[in-house]
Structure formats: structure tokens, C-alpha cells
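If you read the sequence from its start, that first residue is 1, and numbering goes on from there. Quick note: numbers below take in every heavy atom, side chains included, and nothing from hydrogens, waters or symmetry partners.
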Amino acid sequence: MLRVVLADDENKIILLLQKLIDWESLGYEIAGTANDGLRALELVQEKQPHLLITDVRMPGCSGIELIQRAKDLQPNLHFIIISGYRKFEYAQNALKYGVEDYLLKPLKQDELTSILLRLKDKMGKEAALEFRLKKSGERQQELLIDELKAAADRQGPFLTAEQLQSGYGIHLLESGSVFFAAVVKVDVANAAQYRDGYSIMIRHALETVRRELQTLTDTYAAAARREGILAFVGVDAYQAVEVKQCFTKIRKEIEKQRDLFWTIRCTACLGSRKSRTEQLDVSMQEALWLCRDRLCLAQDWRDAEKEPPAFERRYQMETAQKKSFQVAAECLDEERLNQELSESYEVVLFQTGLNGQMLEDWFDQVLEACLYGMRQTGRVDDHFSEEMEESFWSCADAQGVLQALREGICRQIRQLQDERSLRETRPITDAKRYIQQHYQEALRLEDVSSAVGFNATYFSTLFKKETGQNFMDYLTDLRIGKAKELLSGDDLSVQDVAEMVGYRDLKYFSKLFKKVTGVSPSDYKKLYR
């Protein structure tokens, strides 16, 4: 759908425009309406419409001025002027700025419809090309941010300004320019329960970041990653007030979605300013450290220039505590694991100068110990570690970190318990099938256990645990059940039936049958004659 913004100082004209045309059937949607030129400009910036229909005279700024300023914001925007003035100079001025058409009031439905149909094909092709170019540019930004994140992870130099320009088409600034990294982190309550809605919100947040950074500079890149929306920015001269205003607007725009996307808290974290792009890895390390630290210190604005990260402050778990986690995980003991987590969490909270990096250290060490333990019992999901890392970055506070560990590890423990149960159940199922096929023979416990690959002692214990009966009781019930079927059906002698269900000694069979059923085989047979 092609987006349209309607601007007129008279509400009745806007209502008329909305009702006069069946916009949806023509392939358009009304993205917004404005009663003054300044609001119309805001809508152009927010909604990125394909078409602006505006009056010539409006408060705030005139229609002609609106067109000029909107063109600066969105060069490919199309315009239709609607006016009650039949003066030649108005039309000429409008057409000079690339206005598609100039309509006079009162509006005629067929005339406006004709213009919209003509524009639809033109704008559709332009929009498709613009979309492809936009996606290409967005992909370049994502690759560039991944390069920066990788440099920060390895604590090595980032790309030079020349490499940025030749490899990514990033505008090369003048000497004396300033560069910095930033992280915009959006925390949402219960985000894991609403993954689709959260993804939509992050997409909107990324669009907001890119749009606002574009008003600050041409030298920028931004991409949504698990840590948040990562960005790098280059400016000719760093203006602290201007930069803070930009990120404050980003934060407020994102938090406007609070009614739609539950409780939102947005934090902007800036790394220190650098004179060369090669130093941006340090700036990104700082921004990410501050982003982690929001788990301990909730503020909407963090700046490494004013609060240098305490990289040296780390957390190391005691060996005995790690061993306790390993044992609880190896035993698949949820209760013990939860107890260990609660006690260990209390220890971490009382660490002097606790910061977000220390919380992540604790998180990683608990996870590592539990993974080691669980792998002694069974195969842990290949994606488990990655999923847990994602869950850490989705936490909004220290309590959330504890909850993420508790839920993630216990979920994996339950999965391993199910798999162990299945492993133990499968040989019993195979054993039952084997007994069904061979119950007529002189069947021994050793024969069945060997058939399913277990030693007799372990198999006997496992069989009793899974069926509630020992092997001989199970075999006896099966044989007597089959004997009852045969005695009540075909005209067979008791001797024949005894042999058919695995008993060669008629006297023993008769005694056993009566013990189980309460009647002798011959009396049971008479009941069905």
C-alpha cells in the first residue's frame, strides 16, 4: 500500500478527502492527517509517506514552504496541492518544486481519482526501487555493525576510515572528526512470552534509531542484535547537547509504544569519543559494559566519558560452589539446583561494587558448571548455550538474570529426565515384545535380559521399576491370560492349553491357574460350554 499524508487547516476538508476516495481499493492508505504545516512535517518524518496532499495556506508554514522542507526530509516524496486560490503564481510556484498536480476547491472525485491512478503506477515502481536500495543499505549497516562487534569482542582495532569508505560506502569525514559507538537497549516486561510483538517493537526501534541518527550525521550505521540496537556514529564536531537530544528523542519515540507493547524501558549507552575509527572497538566495549550495568543501575542515559567502565571489576565463583552446581545438574536434581542458585545469588548481590559485567560472569560460570554436569547424564541441546546467552541479554535487572538461569537450566534438566526415562522405558518395551513372542518357550530372565542388551540383575531391577512386577509374575500373568482365552474358545484339552502357553507339567499348570484365577482349568473351561 502507498502511504498518504493529508494536510489542511480545515477539518472538514480532511474529512471530505478521507470519504471522497476509496483509498484502499486504489492501493493507498492514509498514514496521517495534519491541520498545520509543522505537524505535516513531523508526519513526513515519522511515517515516510509516498504522497503528501496539502493546502497552500496553513498555519505553521505555508504549503509551498512545507513542500520545500519535506523534500529535504524525503527527496522522493510526491505532492498534490489543493487550494481555493485561482492565482497563476501559486500554481507556478507549486509546479516549480515538482508538485504532481494542482487542484482547486471544491474538489471533484473523478478528477482526484484520475490523478491518484496515474500516480499509483509511477510511485509503485519508485517505491519498489527505493525498497531494494533501502534493503541493500540496511544490509551494509548490519555487516558493518557485525565487524565492529567482532572487533570489540577480540579487543582489536576496527576498520580505518578509508576501509569504511571503500568497503561500505561510509562517508569519509574531514580530519578532526569524532567517532563513537552506542547501544540503545529496549527492555520489555515478559518479552519472552510475546516474541512476535517484541520483534515488531525492535524493528520499529531500529527504524527510529536510523531515522534520528540521519538527522545528526550522514556517517552512521545501526543494526539490531541480541545486545540491543548497536550503532556507530561519526560527526564533524561533537556537540554534547545535540547528541544527547538526538538519543533522548530516540528513547522517547521508542517508549511511546508503551501502551502497545507493555512496560518499556529504553536505555541509551554511549562509548567514549575517538579521533580515529580504528579506536571504535574500545568505544563499543564501553557502550556494551554500560548496557550490562543497567542490570544493577537503572538509568536512561549512560555515557562512558562521564562514568568510565570498571572493566577490572570481575566475579570469580569459588571452586566448591561450581562443584555443587555440577553435582546438582548431573543428578538432574531441580530442587537442589534451585537451592544452590538462591544461595549463590545472595552471595553475588553482596559483592562490593557489583556491576552488570560481574552478573554476567556469575551467569556464565553457573551455566558452565551446570552444562558440565548435565553432559555427564545425557546429550544437551546444541542450541542451549546460545539460547541462554540470548536470555541473559533479554533480562532487565538482576532478578531477571536469576530467573533466566532458573527457568533455562530447569527446562533442560526436565528434558534430560524425559530422555533418561525414555531410554529406560524402551528396553522394557522391547522386553515385553520379546516375551509376547516367546512366552510359549521355557523362558528365563537371562534370555530376555540378553535379548535387550542388559545384564540380568540390572534388567530385573529396571523391569520391576517400570512395570510394577518382577519378571516371573509378569510372565505368569501373561501365560495365564492366554490360557483363559484358549480355554474359553477352541475345543482344546487342558493339557493342550498348558503346553501352548509354555507349561509342560500339567499338574503345575493346574495348580498355578487355580492360584491366579480361583478355579481349576477344567472348571474354568466348563464355564464356557
Next item on the list: Check step by step if side chain to side chain contact (heavy atoms under 4.5 Å, CB included) holds for L2 and L119.
Entry: CA-CA 10 Å; L2 298 170; L119 281 174; over 6 Å; no

Next item on the list: Evaluate the side chain to side chain contact (heavy atoms under 4.5 Å, CB included) criterion for residues F363 and E389: first the C-alpha distance (whole Å), next the side-chain angles of each, then the deciding distance (0.1 Å), finally the verdict.
Entry: CA-CA 9 Å; F363 180 94; E389 289 174 11; 5.6 Å; no

Next item on the list: Evaluate side-chain hydrogen bond (donor to acceptor under 3.5 Å, both in side chains) for Q399 paired with Q403, printing each intermediate quantity in order.
Entry: CA-CA 6 Å; Q399 185 66 37; Q403 190 65 20; 4.9 Å; no

Next item on the list: Check the pair M284 / L230 against side chain to side chain contact (heavy atoms under 4.5 Å, CB included), numbers first and verdict last.
Entry: CA-CA 8 Å; M284 179 55 80; L230 310 188; 4.0 Å; yes

Next item on the list: Evaluate the criterion side chain to side chain contact (heavy atoms under 4.5 Å, CB included) for residue pair L112 and L17; output intermediate values, then yes/no.
Entry: CA-CA 9 Å; L112 181 54; L17 282 168; 3.8 Å; yes

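Looking only at side-chain heavy atoms (C-beta outward), K185 and R302 stay at 4.5 Å or farther from each other. Residues N35 and I14 are in side-chain contact: their nearest non-hydrogen atoms beyond the backbone lie under 4.5 Å apart. Within the 4.5 Å cutoff, side-chain heavy atoms of Q109 are placed close to those of I21. The shortest side-chain heavy-atom distance between E368 and F325 does not fall under the 4.5 Å cut-off. Here the side chains of I81 and I67 are in contact, with some heavy-atom distance below 4.5 Å. By the 4.5 Å heavy-atom criterion applied to side chains, E253 and K249 are counted as neighbours. Q415 places none of its side-chain heavy atoms less than 4.5 Å from the side chain of V380. In this structure the side chain of D303 reaches within 4.5 angstrom of the side chain of R273, judged on heavy atoms.
Within 6.0 Å of the OH atom in Y315, the count of heavy atoms belonging to other residues, nucleotides or ligands exceeds 12. Remark: E24 CD is loosely packed, at most 12 non-hydrogen atoms of other residues, nucleotides or ligands lying under 6.0 Å away.
Using the six-membered ring where Trp is involved, F158 and F232 have ring planes that are perpendicular, over 60° apart on the 30 and 60° scheme. Ring geometry for Y238 versus F180: interplanar angle over 60°, hence perpendicular rather than tilted (30 to 60°).
Heavy-atom minimum distance, V183 versus L288: CG2-CD2, 3.8 Å. Heavy-atom minimum distance, I145 versus A231: CD1-CA, 3.9 Å. Across all non-hydrogen atoms, the minimal contact from W393 to E360 is NE1-OE2, 4.1 Å. In this structure, D281 and A152 approach most closely via the heavy-atom pair O-CB, 3.7 Å. Across all non-hydrogen atoms, the minimal contact from L51 to L77 is N-CD1, 3.7 Å. Nearest heavy-atom pair, C410 versus N338, reported as atom, atom and distance to 0.1 Å: SG-OD1, 3.8 Å.
At a cut-off of 3.5 Å, with distance as the only test, no side-chain donor of T248 or W301 sits close to an acceptor on the other residue. When only modelled atom types and interatomic distance are considered, D72 and Q68 share no side-chain donor-acceptor pair under 3.5 Å. In this model, no donor atom of one side chain and acceptor atom of the other lie less than 3.5 Å apart for Q48 and R211. Neither side chain, N355 nor R292, offers a donor N or O lying under 3.5 Å from an acceptor on the other.
With rounding to the nearest 0.5 angstrom, the NZ atom of K149 is 11.5 Å from the CZ atom of R154. For the atom pair CZ (R210) and OH (Y220), the distance works out to 7.5 Å, reported to the nearest 0.5 Å. The structure places CG of D153 at 9.5 Å from CG of L148, a figure rounded to the nearest 0.5 Å. For the atom pair CD (Q357) and CG (L359), the distance works out to 9.5 Å, reported to the nearest 0.5 Å. In this structure, the separation between OG1 on T54 and CZ on F79 is 9.0 Å, given to the nearest 0.5 Å. To the nearest 0.5 angstrom, D293 atom CG is 8.5 Å from C269 atom SG.
In this structure, H50 contributes its side chain and R3 its backbone to a donor-acceptor pair below 3.5 Å. Judged purely by atom type and a 3.5 angstrom limit, T215 uses its side chain to pair as donor or acceptor with the backbone of E212. Distance alone, capped at 3.5 Å, places no donor-acceptor pair between the R379 side chain and the T377 backbone. In terms of modelled atom types and a separation under 3.5 Å, the side chain of T277 and the main chain of L159 share a donor-acceptor contact. Counting only distance, with no hydrogens or angles, the side chain of R265 and the backbone of A396 share a donor-acceptor pair below 3.5 Å. Distance alone, capped at 3.5 Å, is enough to place a donor-acceptor pair between the S391 side chain and the M388 backbone. In this structure, E278 contributes its side chain and P157 its backbone to no donor-acceptor pair below 3.5 Å. The backbone N or O of R276 sits less than 3.5 Å from a side-chain atom of Q279, completing a donor-acceptor pair. For the pair Q141 (side chain) and A223 (backbone), a donor-acceptor distance under 3.5 Å is absent. Between the side chain of Y28 and the backbone N or O of L116 there is at least one donor-acceptor pair closer than 3.5 Å.
Here E46 pairs with R39 in a salt bridge; the nearest charged N to carboxylate O distance falls below 4.0 Å. With respect to the salt-bridge test (charged N to carboxylate O, under 4.0 angstrom), the residues K252 and E255 do not qualify. For D187 and R294, the salt-bridge test passes: some basic side-chain N is under 4.0 Å from an acidic carboxylate O. Salt-bridge annotation for R414 and D418: absent, with no side-chain N of the basic residue lying under 4.0 Å from a carboxylate O of the acidic one. The existence of a salt bridge linking K12 and E10 is confirmed by a sub-4.0 Å separation between a basic side-chain nitrogen and an acidic carboxylate oxygen.
Tested against W362 for a side chain to side chain contact (heavy atoms under 4.5 Å, CB included), the candidates L367, V348, L349 yield a single pass: V348.
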